[in-house]
Amino acid sequence: MGRRAKKKQGEPEPLLISSRANPRARKSPKEKASGEKKRKLGDITDITTDGQEIERKTSKKVKATSDEKDLGKKFVKKPKNEATKLSNTTESNIKRQKTKISSGNYDTKNGSENGSNTKIPETSGIIRHIGLCADDDSDDGDSEVSETCRFLLDSSIWSQYTNGLIGGAHLLLYQKLYLDIEEKSRILDEEKRKEAELADDELQTNIEQTEKFTLPVNQDTEEGQTVTPDLQVVNQRIQDIVGVLNNFKKLGDEKRGRSAYVEQLIKDMTVYYGYSEFLLEKLFHLFSVSEAIEFFEANEISRPVTIRANTLRTRRRDLAQALINRGVSLEPTGKWTKVGLTVFNSSIPIGATPEYLAGHYMLQSASSFLPVIALAPQENEKILDMASAPGGKTTYIAALMKNTGIIFANDSNKERTKGLVANVHRLGVKNVVVSNYDGREFPSVTGGFDRVLLDAPCSGTGIISRDPAVKISKTDKDFKILSHLQKELILSAIDSVDARSSTGGYIVYSTCSVTVDENEEVVNYALKKRPNVKLVPTGLDFGQEGFTKYRGKNFHSSLKLTKRYYPHVHNMDGFFVSKFKKFSNTFSKSNDDDKTENVNDTTNDKNGGAKEIDKGTSNATNKAPKDKSMKARQKNSKEGETKKL
Ligand SMILES: C[S@@+](CC[C@H](N)C(=O)[O-])C[C@H]1O[C@@H](n2cnc3c(N)ncnc32)[C@H](O)[C@@H]1O
């Protein structure tokens with residue numbers, strides 16, 4: 001199913017990717033994984049899917065800017081702009097000229113060459129030239145005069161002239177000399193340009209007539225070789241393969257098949273971007289080939305720094321003004337948030353301003369606002385933030401609740417709860433209880449919540465630009481362990497909510513990962529195991545729909561209500577957000593009704609939060625169904641400590 005997202009009002013500004021703005025030297029995979037920057041891959045245009053079952057074949061960027069459209073044309077050689085060339089040439093001539101003068105070949109004092117005393121008489125012509133120099137600011141387009149004047153001014157000769165230290169005759173001499181050199185240089189440059197053009201033409205002719213990209217056999221590639229792969233060669237091959245896949249009928253080798261090209265492409269991208277082959281392939285299949293390149297490229301570029309104004313302490317407008325006064329350049333993050341500010345430049349450390357220390361803002365990635373907006377906490381509710389450290393979302397929830405009600409901010413990692421406690425204090429949050437349980441122990445610890453946020457522990461494939469170690473550190477086993485934990489946590493989260501809540505009854509599940517096994521598969525599992533919940537719209541008016549099918553797997557059709565965010569599309573960390581409504585506290589095993597019903601009970605109040613109308617879906621008893629293995633899980637809990645702080 002092709003699903004090109006339309007740009008909606010309020011979507012964040014688009015990703016601006018420019019290789020020219022981000023020149024990156026190629027490094028070894030290890031260096032790259034440790035954060036080294038690299039050059040862009042180029043000349044990638046739209047192509048069809050590789051024949052694997054990929055539901056999302058294409059994905060439209062929020063707003064295709066010319067930079068985005070140019071993404072694939074980065075390494076296309078363009079002839080140098082003639083004006084630039086001329087200017088460069090002139091500048092180098094000026095340098096040469098200056099050297100010559102200072103090296104004593106000219107007797108500037110006497111205005112003669114090689115120190116001879118030949119006098120140059122002043123003429124009206126000289127005066128005319130000087131006049132032209134004087135109003136050179138007018139940008140008259142006469143590059144000779146313009147550059148000549150620059151030369152004169154640069155070498156202080158003009159000031160010497162105006163101070164009466166040298167006469168107009170000297171100026172003429174310099175002018176003449178400059179123009180001679182300029183002329184010779186221009187002739188040489190022109191010759192060189194013609195030669196280069198001829199060579200290019202020849203090359204082009206050869207390519208057109210004889211060269212067709214041939215997929216190498218294994219021993220021709222870098223695999224198995226001990227030498228460091230030549231990344232330029234790898235990059236070229238990536239471009240070639242994408243070109244072939246774009247037009248396989250005409251350019252491909254039918255005998256070897258499309259899959260052979262895709263296989264080689266994955267291998268080359270692994271080398272070029274510095275991922276383990278396992279992870280690259282896992283992420284590659286989420287996209288069409290050209291979009292995959294965009295995704296991997298976006299992971300090489302940092303996302304903009306964003307901060308969240310803490311409305312418990314200040315207003316965004318006041319905060320922005322205070323920071324601008326300190327030399328920070330920023331602007332509102334997007335229409336979808338009233339509390340986000342994107343920082344472009346700062347002459348001071350943004351994590352150490354008086355405003356930061358006074359708790360006026362939280363340094364927080366834009367995508368991490370999203371689960372809280374989806375949760376839409378209401379004043380005076382009882383809320384569980386099941387995996388909350390270091391508290392970016394907890395403190396946002398508190399601000400939306402205006403410090404009313406109660407938030408249980410839990411995290412199984414005691415060390416991380418220290419940062420959580422510090423943030424709670426700094427931001428003036430007063431409605432939070434911090435606890436240190438394994439989330440799977442809920443609701444035994446306490447239940448009956450109006451809403452639960454499970455911002456689950458995950459692989460971090462959405463934040464590779466921040467943590468490049470993910471590229472090589474995550475194994476198949478890690479993903480299996482993580483998705484198992486996520487499945488257990490999501491059941492606990494659901495079971496901790498009171499379906500009879502008059503204001504809530506909602507569960508938000510989110511991750512900063514883009515893999516299907518940590519997102520759609522977990523949500524689909526929850527829908528199967530807990531037929532007393534259904535997916536509802538997140539209330540987020542941008543983002544791409546979650547998958548309902550993926551590589552042979554079918555998920556519940558309501559999965560389209562979940563939202564995916566990507567660095568290359570939304571210029572924010574990769575994220576997944578889903579929202580459930582619990583409509584009953586009990587359920588029968590056989591109850592696996594159609595949950596496609598679109599319960600649109602969420603309306604954004606455009607204040608970073610949302611107002612919700614409860615549909616009064618259930619009057620069932622408040623007995624949270626227990627997963628069979630709950631007790632066993634509690635016993636086996638390794639990560640959590642069952643001690644309350
Ligand atoms: C994605 S981070 C949470 C970020 C947090 N929500 C925020 O906005 O600042 C996931 C958290 O889950 C915690 N965690 C891991 N396993 C857990 C478990 N079994 N129960 C509860 N928390 C767990 C980790 O310690 C980590 O702090």
Side-chain angles (χ1 to χ4, degrees), residues 306-308 310 339-340 362-375 377 383-400 407-424 426-427 429 432 434-446 451-463 466-467 470 478 481-493 495-496 507-515 518-519 522 572-577 627 629-630 633-645:
T306 48
I307 59 176
R308 175 178 57 78
N310 176 23
V339 289
M362 184 84 177
L363 262 164
Q364 199 169 356
S365 72
S367 53
S368 82
F369 300 3
L370 302 169
V372 179
I373 296 173
L375 187 70
I383 290 185
L384 171 63
D385 188 354
M386 193 177 254
S388 63
K393 297 179 190 74
T394 307
T395 51
Y396 188 14
I397 295 169
L400 291 174
I407 304 168
F408 284 79
N410 178 72
D411 201 282
S412 67
N413 185 324
K414 194 171 181 181
E415 264 311 297
R416 283 172 67 88
T417 58
K418 290 178 185 164
L420 166 66
V421 170
N423 279 324
V424 163
R426 185 174 61 84
L427 296 174
V429 171
V432 162
V434 175
S435 66
N436 178 216
Y437 293 99
D438 185 314
R440 293 169 291 185
E441 291 177 44
F442 287 85
S444 295
V445 177
T446 177
R451 293 166 205 254
V452 174
L453 171 63
L454 172 54
D455 185 35
C458 69
S459 64
T461 56
I463 54 167
R466 270 198 277 147
D467 183 9
V470 170
D478 291 330
I481 291 172
L482 273 169
S483 65
H484 184 75
L485 172 63
Q486 289 156 349
K487 284 171 183 167
E488 291 189 318
L489 285 169
I490 202 170
L491 296 189
S492 292
D495 296 346
S496 303
I507 303 101
V508 167
Y509 173 81
S510 61
T511 70
C512 60
S513 178
V514 294
T515 65
E518 294 176 85
N519 296 317
V522 174
M572 50 173 68
D573 291 336
F575 230 86
F576 175 84
V577 183
D627 184 40
S629 57
M630 176 71 77
R633 279 194 272 129
Q634 286 173 3
K635 270 191 181 170
N636 293 336
S637 161
K638 282 179 193 155
E639 269 194 87
E641 291 175 40
T642 53
K643 203 165 59 140
K644 215 164 183 176
L645 291 178

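When a ligand or atom number is given, it counts from 1 through the structure's own listing order. Basis for what follows: all heavy atoms, side chains included, without hydrogens, waters or symmetry-related copies.
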With distance as the sole criterion, is a donor-acceptor pair present between the side chains of [X] and [Y] under 3.5 Å?
| X | Y | answer |
| --- | --- | --- |
| Ser513 | Ser459 | yes |
| Thr394 | Asp385 | yes |
| Thr395 | Asn423 | no |
| Ser388 | Asp455 | no |
| Thr511 | Glu518 | no |

Closer than 4.0 Å to some heavy atom of Met386 - which atoms of ligand 1 meet that?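 Result: 21 (C), 22 (N).
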Can you list the ligand 1 atoms lying under 4.0 Å from a non-hydrogen atom of Asn413?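 Matching atoms, with element in brackets: 25 (O).
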If you take the nearest heavy atom of each of [options], which one is closest to [atom]?
| atom | options | answer |
| --- | --- | --- |
| atom 11 (C) of ligand 1 | Asp411, Asp385, Ile397 | Asp411 |
| atom 6 (N) of ligand 1 | Ile463, Thr511, Asp455 | Asp455 |
| atom 14 (N) of ligand 1 | Ser510, Ser412, Ser492 | Ser412 |

Classify the contact between [X] and ligand 1 as side chain, backbone, both or neither, using a heavy-atom distance cut-off of under 4.0 Å.
| X | value |
| --- | --- |
| Ala456 | backbone |
| Arg416 | side chain |
| Cys512 | neither |

Taking Gln486 for the side chain and Asn519 for the main chain, is one N or O donor matched with an acceptor at less than 3.5 Å?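 Here the side-chain-to-backbone pair does not exist.
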May I ask you to check if ligand 1 and [X] share an N or O to N or O distance below 3.5 Å?
| X | answer |
| --- | --- |
| Leu485 | no |
| Leu489 | no |
| Asp438 | yes |

What distance do Cys512 atom SG and Leu370 atom CG have between them, rounded to the nearest 0.5 Å?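 Answer rounded to 0.5 Å: 12.0 Å.
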Would Arg440 and Leu485 count as a side chain to side chain contact (heavy atoms under 4.5 Å, CB included) here? Give the steps. CA-CA 9 Å; Arg440 293 169 291 185; Leu485 172 63; 3.4 Å; yes
What do you reckon, does Ser388 put a non-hydrogen atom under 4.0 Å from ligand 1?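 So Ser388 counts as touching ligand 1.
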